[in-house]
Amino acid sequence: MGNWDRLRSNLAELDRVMVAFSGGVDSSFLAWVAHDVLGDRAQAVTAVSPSLAEAERRDCASLAAEWGLQWREVHTTEMEHAAYVTNDGERCYWCKDALMEAVAPLAVAESCTVALGVNTDDLGDHRPGQRAAAERGAVFPLVDAGFSKVDVREWSQRLGLRTWDKPAAPCLASRIPYGTPVTLGALASVEDAEAALRQMGFAELRVRHYGDLARIEVPDERLADVVAQRAAVVQAVRQAGYRYATLDLEGLRSGNLNAALGLDSSTPCP
């Protein structure tokens, strides 16, 4: 169970923090608590790149304004690095490495410690990005205070944060199978297809990118809804640049692309 007092105490001891703020449940909670504890000594920074959906970028700005966060954007350059574009099992390492490369100088200039919204559930996943961040000096306050994903959602609801029930929205690159290069075109197609399907009412989904084929994942209870709206679904996916639209009958399984790495896809990953 997450220890609320310990989280606040740990943040107070850090004195000045810069939270990597993606607008997701975890980083939003951490950014809010850090601001509540430290005031202007807490900052939030959002990494902007082609793998961040524009809707998520706008939501970061909206949340920062609502909560009065000291917030800024920083552009990252992972797409310029072959190790990231190659998209092997270490892609997330190079993503977080690019994040820290961009954020670390800002943190040094402000005498801040970089903090990431990693929770205890994340520790058992294949998330090499955590290693990259830790190697560059980032800290994980939620982990140190024992917060799981459930704890984060429960405390967020208790605090009245509208992010408490926000569906997970990992980076767009996580929709591209390992071994398939990350390209601007692929990221744009995924973003456009998912945005269109969300407008149709599918709040929780993934569009997995397989060249000209899109594999749609939704929760089991929504499978019939996709079929019922198949004409509109197909049109939306084709307008995003795909030739074929398929529905995964196993439903939404976060992190199932990790199966290619011989990992358990039941763990909550992108």
Side-chain angles (χ1 to χ4, degrees), residues 21-28 46-63 73 76 78-79 84-85 87 91-92 95 127 129 149 162-163 165-178 180-260 265 268-270:
F21 177 53
S22 69
V25 179
D26 298 318
S27 69
S28 295
T46 297
V48 177
S49 76
S51 68
L52 176 69
E54 180 59 28
E56 293 302 310
R57 180 181 183 179
R58 291 195 302 268
D59 200 33
C60 285
S62 177
L63 287 167
E73 294 180 335
T76 57
E78 61 266 29
M79 290 294 293
Y84 174 84
V85 173
N87 193 23
R91 183 198 68 239
C92 289
C95 177
R127 293 179 183 260
K149 174 68 76 174
R162 65 173 173 84
T163 51
D165 63 345
K166 184 176 181 179
C171 79
L172 297 171
S174 67
R175 317 298 198 271
I176 303 175
Y178 294 116
T180 300
V182 177
T183 65
L184 294 177
L187 295 173
S189 290
V190 169
E191 180 175 10
D192 291 347
E194 291 191 351
L197 293 176
R198 286 195 178 93
Q199 288 183 344
M200 295 173 59
F202 297 102
E204 294 186 74
L205 82 155
R206 302 284 187 275
V207 172
R208 306 293 186 185
H209 178 89
Y210 291 88
D212 59 359
L213 183 149
R215 195 183 83 210
I216 301 166
E217 297 179 12
V218 296
D220 293 352
E221 63 271 16
R222 299 302 308 275
L223 292 173
D225 297 329
V226 176
V227 175
Q229 301 180 62
R230 61 185 180 276
V233 168
V234 169
Q235 181 182 14
V237 170
R238 285 182 174 170
Q239 287 180 342
Y242 294 101
R243 184 175 181 182
Y244 304 105
T246 64
L247 176 63
D248 192 323
L249 297 182
E250 291 189 76
L252 176 61
R253 301 170 326 282
S254 295
N256 75 75
L257 293 184
N258 284 333
S265 65
C269 282

Return the [atom1] to [atom2] distance between [X] and [Y], rounded to the nearest 0.5 Å.
X    : Y    : atom1 : atom2 : answer
E78  : C92  : CD    : SG    : 10.5 Å
R58  : L52  : CZ    : CG    : 10.5 Å
R208 : E217 : CZ    : CD    : 4.5 Å
N87  : S174 : CG    : OG    : 10.0 Å

Measure across [X] and [Y] and return the closest heavy-atom pair with its distance rounded to 0.1 Å.
X    : Y    : result
V182 : Y84  : CG1-CE2, 3.9 Å
V85  : M79  : CG2-O, 3.4 Å
F21  : C60  : CE2-O, 3.5 Å
A240 : S189 : O-OG, 2.9 Å
P170 : R175 : O-NH1, 3.1 Å
G251 : D220 : CA-OD1, 3.4 Å

### Query
Going by atom types only, do Y210 and R215 share a side-chain donor-acceptor pair under 3.5 Å?
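Yes.
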### Query
Is the number of heavy atoms from other residues, nucleotides or ligands within 6.0 Å of CZ (R230) greater than 12?
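Open: at most 12 neighbouring heavy atoms sit under 6.0 Å from CZ of R230.
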### Task
Please say whether more than 12 non-hydrogen atoms of neighbouring residues, nucleotides or ligands are located less than 6.0 Å from CZ in R222.
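It does: R222 CZ has more than 12 such atoms within range.
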### Message
Using side chain to side chain contact (heavy atoms under 4.5 Å, CB included), reason through R162 and S62 one step at a time and then give a plain yes or no.
### Response
CA-CA 11 Å; R162 65 173 173 84; S62 177; 3.3 Å; yes
Do [X] and [Y] have side-chain heavy atoms sitting under 4.5 Å apart?
X    : Y    : result
D212 : Y242 : no
L252 : P219 : yes
D192 : Q239 : no
V218 : L223 : yes

#### Entry: Backbone N/O of V207 and side chain of E194: donor-acceptor pair under 3.5 Å
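Checked: pair present.
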### Query
Within the side chain of S51, is there an N or O that forms a donor-acceptor pair under 3.5 Å with the backbone of L172?
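A pair under 3.5 Å: no.
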Indicate yes or no: does [X] engage [Y] in a salt bridge with an N to O separation below 4.0 Å.
X    : Y    : answer
D248 : R253 : yes
R57  : E73  : yes
K166 : D59  : yes

#### Entry: Candidate pair V233 and L247, rule side chain to side chain contact (heavy atoms under 4.5 Å, CB included), full reasoning
CA-CA 10 Å; V233 168; L247 176 63; over 6 Å; no
